[in-house]
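So you know, we letter chains A, B, ... as the sequences are listed, proteins then strands, and number each from 1.
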2 protein chains.
Amino acid sequence: MSRPSKRARTSDALVQAALDLFEQQGYEATTVGEIARAAGVTEMTFFRHFPAKEQVLLDDPYDPGLIAAIGAQPLDDPPFLRAARGVRGAWRALPEPEAPVIRRRVRLIAATPALRGAMWRSTGNTEAAIVGQLVDDGAPVEVARVAAAAVLAALVTGLYTWAESASTSLADAIERALDVIEVRA
Amino acid sequence: MSRPSKRARTSDALVQAALDLFEQQGYEATTVGEIARAAGVTEMTFFRHFPAKEQVLLDDPYDPGLIAAIGAQPLDDPPFLRAARGVRGAWRALPEPEAPVIRRRVRLIAATPALRGAMWRSTGNTEAAIVGQLVDDGAPVEVARVAAAAVLAALVTGLYTWAESASTSLADAIERALDVIEVRA
DNA sequence: CCCAAAATGTTAGCTGCTAACATTTGACCA
DNA sequence: TGGTCAAATGTTAGCAGCTAACATTTTGGG
């Protein structure tokens with residue numbers, strides 16, 4: 001039952017300081033040096049914890065649950081629908097306690113063009129994983145790529161409107177975003 | 001019938017030099033200074049023509065034809081389908097003479113993570129225009145946003161696979177990408 | 001041909017980010 | 001408890017992207 005390692009504590013301090021400063025003065029107006037100083041640490045140390053300024057807001061953990069949920073969709077459905085419904089299922093099953101923190105982060109990202117770009121690039125892992133699953137299940141690569149990209153785009157957009165809106169539940173927002181894409185004729 | 005203005009000539013020289021250097025040594029390994037020198041000009045001048053290094057590859061002209069094509073889709077269809085079919089129609093009508101240049105650019109973008117992010121951010125104008133059209137035609141904003149994002153994601157992904165593939169026609173590639181998304185139940 | 005405006009050059013500086021080396025701090029064990 | 005080795009941090013130096021302010025040249029139209 002040791003207290004969190006020093007590394008973890010520093011990381012947290014940096015993330016907190018960054019969130020506060022970004023919200024106060026905006027992302028671009030905030031210097032990595034400022035963040036570091038506010039966290040009681042050096043600029044160099046910041047970059048030892050995060051490879052780039054943006055990464056203090058964007059960690060994109062590869063999510064095995066999501067991939068499994070997609071794999072569990074009926075193989076007869078077109079890849080696009082399998083991906084969409086898989087994402088839907090995975091998020092429905094997700095706990096929402098961290099919602100407030102997520103909202104702060106997403107709100108900042110949505111409001112900063114540079115971060116929107118970074119966000120998109122940072123979904124690379126997830127996108128690759130989805131493509132992998134779809135291809136394993138027999139979809140052609142080009143098809144899988146488009147399906148993954150479109151579904152993730154919908155998901156991210158849903159996140160943005162959720163973050164900006166006042167009080168909706170995260171799961172509901174995701175569901176509504178996916179409804180837009182899963183058109184039933 | 002005056003020859004192209006000096007500004008235009010310098011811009012072209014910069015774009016050409018950038019394309020060549022990027023292909024030879026990669027995007028990140030190429031310096032703005034190098035590009036400028038290869039174009040017979042100063043680094044400062046580069047930034048007077050393009051606000052950022054990426055922008056030498058990514059100009060995103062707002063496309064009125066595309067918006068019109070979306071507006072022309074049946075109002076009864078769901079926004080997502082209207083956007084997808086509008087994009088389909090607009091690209092089908094497009095001339096393909098510039099395909100070789102486009103391919104060089106897109107190939108570079110597809111191969112460079114940093115540029116993929118920038119590409120995504122640079123579609124912002126188009127995305128906003130699509131959202132505007134859909135909303136004007138009665139769609140709720142949140143719905144329009146998701147529809148526009150998903151369709152553009154599919155389009156861009158289609159562009160990427162087209163650029164990497166050998167000889168397909170651009171229009172065909174786009175069509176196939178949109179086929180993935182427009183699932184008919 | 002001439003001259004205002006446009007295009008370019010110069011210098012200086014800030015911020016993000018990296019490398020290489022020195023120093024401190026902390027966790028674990030004798 | 002005290003020591004020890006590795007992890008975490010600090011320092012310095014430097015490059016690349018990008019901006020600002022001011023000086024200089026070039027252009028194209030009257």
TODO: Indicate whether OP1 or OP2 belonging to D:dT9 is found under 4.0 Å from a side-chain N or O atom of A:Thr10.
DONE: yes
Open item on the list: Using a strict threshold of under 4.0 Å (side-chain N to carboxylate O), is an ion pair present between A:Glu164 and B:Arg145?
Closed with: yes
TODO: State whether B:Thr45 places a side-chain N or O below 4.0 Å from either non-bridging phosphate oxygen (OP1 or OP2) of C:dT8.
DONE: no
Open item on the list: Distance to the ring centre below 6.0 angstrom and angle to the axis at most 45 degrees; does that hold for A:Arg116 and B:Trp120?
Closed with: no
TODO: Using whole Å, report how far CD of B:Glu43 lies from C1' of C:dT10.
DONE: 12 Å
Task: Between D:dT24 (P) and B:Met44 (CE): distance, integer Å - done: 18 Å
Open item on the list: Rounding to an integer number of Å, can you tell me how far B:Ile35 CD1 sits from D:dG17 P?
Closed with: 8 Å
TODO: Check the hydrophobic clustering (I, L, V, M, F, W, Y; side-chain heavy atoms under 4.5 Å; chains of links allowed) and say if A:Ile109 and B:Leu152 are grouped together.
DONE: yes
- [ ] Go through the N and O atoms of the side chain of B:Arg48 and the base of C:dG9, and report whether any donor-acceptor pair is under 3.5 Å.
- [x] yes
Open item on the list: Taking the minimum atom-to-atom distance to the side chain of A:Val41, which one of C:dG16, C:dG9, D:dG10 wins?
Closed with: D:dG10
- [ ] Please name the pair of heavy atoms, one in A:Ala83 and one in A:Leu134, separated by the smallest distance, quoted to 0.1 Å.
- [x] CB-CD1, 4.3 Å
- [ ] Verify the contact: side-chain N or O of B:Thr42 to OP1 or OP2 of C:dG9, cut-off strictly under 4.0 Å; return yes or no.
- [x] yes
Task: Nearest-angstrom distance from the residue atom NZ of B:Lys53 to P of D:dG17 - done: 4 Å
Open item on the list: Expressed as a whole number of angstroms, how long is the span from A:Lys6:NZ to D:dA6:P?
Closed with: 19 Å
- [ ] For residues A:Ala163 and A:Val106, report the shortest heavy-atom separation together with the two atoms involved.
- [x] CB-CG1, 3.5 Å
Open item on the list: Need to verify one output field. Residue with the more 5' nearest nucleotide on DNA chain C, A:Glu28 or B:Gly40?
Closed with: B:Gly40
Task: Atom pair distance, as rounded to whole Å: CZ in A:Arg7 and P in D:dA8 - done: 6 Å
Open item on the list: At less than 4.0 Å, is any side-chain N or O atom of B:His49 found next to OP1 or OP2 of C:dT8? Yes or no.
Closed with: yes
TODO: Describe the nucleic acid contact of B:Thr30 in one word from base, sugar-phosphate, nothing, applying a heavy-atom distance below 4.0 Å.
DONE: sugar-phosphate
Open item on the list: What is the separation between atom CD on A:Glu34 and atom P on C:dT15, rounded to the nearest whole Å?
Closed with: 8 Å
Open item on the list: Output the rounded distance in Å from CZ (B:Phe50) to P (C:dA7).
Closed with: 13 Å
